[in-house]
Amino acid sequence: MVTFKAKGISVSVDTAVGHIADLTIEAGGRALKPLHRAPWIDEPQETLPHGLPDGVTRLSGDFLCAPFSRSDVEEAPLHGWPANSPWDLIDSSATADGWRAIFRLRRAVMGAAVEKILTLRDGHPFLYQEHAFIGGAGAISVAHHPMTVMREGGHLAFSPKRAVVTDGNPPEPDPARGRSMLAYPARRDDSRGFPAKDGTEVDLTDYRMDRHHEDFVTLVEADHGGPGWSAVSRTAEKDIVLILKNPAELPITMLWISNGGRDYAPWNGRHRGVLGIEDGRTAVGHAASLGDNWLKREGVATAFELGPDRRVAFRHVIGALPAATDKAVQDVSAAAGQLRVTTAAGTVLDVPYDAQFLRIGGIG
């Protein structure tokens, strides 16, 4: 485990699998912990099912998926070697306004070296991340996999999307093993009235604890010219979890809703209140991302092209703010040196933020 800090924020990385094991933000006299950690991590390994990928046995926080989901082009576990194998700390040092740590994956991905660059800035309630593929050949699909958890549910909000889609089969079709709630396949242009399998409609922006289900939804970014963002207003935690991206780099956001919908080990119905907010450039599976898929047919990129003389990089931001209300976020906007968050209750929160980091309008 590697831990580093700046004023008001600290990060711990599980270098065995490259997962963000902890993110703690000090704000408003509180210590905010926006990220999830699987309940079985500290249990004896021999109690877990044999053959689980290391990325599942050590599931926590956020991690790089490369590829996302099935590794069916180059042999690797679920979500690829970046989510399941060791990273080496290359550098960890102070900067003029905080701290920066650089990690390198011990394995290559499609022949490319992979680097993880994590930056903290004094007084900023955000973890700034960059991942880079150096060299290699072919193409790789990618996604971040941040997960938050809610004790009493919460409210979700997003930057403008042009499609909300379930594609293929439900995550848990066998009632002997678990349950999914949504209709598959289905499509809407808004997340507030999505079809359920029983014929009713579900408001996906309302995370309710009384519905035990496992579902997976893809949100396609609209063309709006600003950062892509997701905001989770957690009721019991009294905070707002924020995730930001450059839509030119990561054009989709995938929601993994995991609320007691898996009854088999190691989930055992206890993985509750969890929401994965997975910004990516991918379809489901490496081969699907490189071949024909519904996203490509709609003009959405699903992989990065690698090359022997190329450095391909993308950036991502995770943070949290204390909030006196559990009302949903209405708007998020970036300006020079700050991020402004406006809630549906009319509350305006301004916090320090590097508005240049995501390179909006460009691509790495």
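Being a predicted model, the structure only gives us computed values, none of them experimental. The analysis underlying the following values was restricted to heavy atoms, covering all of them including side chains, and did not include hydrogens, waters or symmetry mates. Index from 1, following the sequence.
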Parallel, tilted or perpendicular: rings of H145 and F63 (30°, 60°) | parallel
Please test H155 against Y207 for ring-ring contact (aromatic ring centres under 6.0 Å, His included), starting from the C-alpha separation and ending with a verdict.
-> CA-CA 6 Å; H155 301 283; Y207 195 113; over 10 Å; no
Could you tell me which non-hydrogen atom of L275 sits nearest to which non-hydrogen atom of M150, and how far apart they are?
-> CB-CE, 4.0 Å
Residue that, paired with E172, satisfies side chain to side chain donor-acceptor pair (under 3.5 Å) out of R262, R177, R179 = R262
Between the side chain of D215 and the main-chain N/O of I257, is any donor-acceptor distance below 3.5 Å?
-> no
Mind telling me whether W256 and W267 have parallel, tilted or perpendicular rings, with 30° and 60° as the class edges?
-> perpendicular
Does atom CG of D223 have more than 12 heavy-atom neighbours, drawn from other residues, nucleotides or ligands, at distances under 6.0 Å?
-> no
Would you please indicate if the ring centroids of F126 and F357 are separated by under 6.0 Å?
-> no
Please work out which of the three classes, parallel, tilted or perpendicular, describes the rings of H316 and H144, given edges at 30° and 60°.
-> parallel
Are any side-chain N or O atoms of S141 and backbone N or O atoms of P67, one a donor and one an acceptor, separated by less than 3.5 Å?
-> no
Evaluation steps, side chain to side chain contact (heavy atoms under 4.5 Å, CB included), between V220 and L295 | CA-CA 9 Å; V220 182; L295 286 161; 3.8 Å; yes
Just checking, any donor-acceptor pair under 3.5 angstrom between side chains of S258 and E214?
-> yes
Exam field: side chain D72 to backbone H286, donor-acceptor pair closer than 3.5 Å = yes
Could you tell me whether E115 and R100 have a side-chain N and a carboxylate O separated by less than 4.0 Å?
-> no
When you check the gap from the basic side-chain N to the acidic O, do R281 and E249 get nearer than 4.0 Å?
-> no
T282-S289 side chain donor-acceptor pair, cut-off 3.5 Å = yes
Between the CG atom in D279 and the OG1 atom in T253, the distance rounded to the nearest 0.5 Å is 4.0 Å
What orientation do H131 and W87 show, parallel under 30°, tilted 30 to 60°, or perpendicular over 60°?
-> perpendicular
For atom NZ of K296, is the number of surrounding heavy atoms from other residues, nucleotides or ligands below 6.0 Å larger than 12?
-> yes
Any donor-acceptor pair under 3.5 Å linking the side chain of R272 with the backbone of M209?
-> yes
More than 12 heavy atoms of other groups within 6.0 Å of R192 CZ | no
Is the shortest distance from a Lys or Arg side-chain nitrogen in K161 or E221 to a carboxylate oxygen in the other one below 4.0 Å?
-> yes
So does N169 have more than 12 non-hydrogen atoms from other groups sitting under 6.0 Å from CG?
-> no
G154 and T235 have their tightest heavy-atom pair at CA-OG1, 3.7 Å
Measure from the side-chain N and O atoms of H224 to the backbone N and O of G226, and report whether any donor-acceptor pair falls under 3.5 Å.
-> yes
For the residue pair V202 and A196, what are the closest heavy atoms and their distance?
-> CG2-CB, 3.7 Å
What closest approach, in Å, do P227 and S159 show between heavy atoms, and which atom pair accounts for it?
-> O-CB, 4.0 Å
Decide yes or no on salt bridge (charged side-chain N to carboxylate O under 4.0 Å, His left out) for D88 and R104, but give the supporting numbers first.
-> CA-CA 5 Å; D88 293 319; R104 184 173 295 138; over 6 Å; no
Minimum heavy-atom distance A66-V142, with the two atoms named = CB-CG1, 4.3 Å
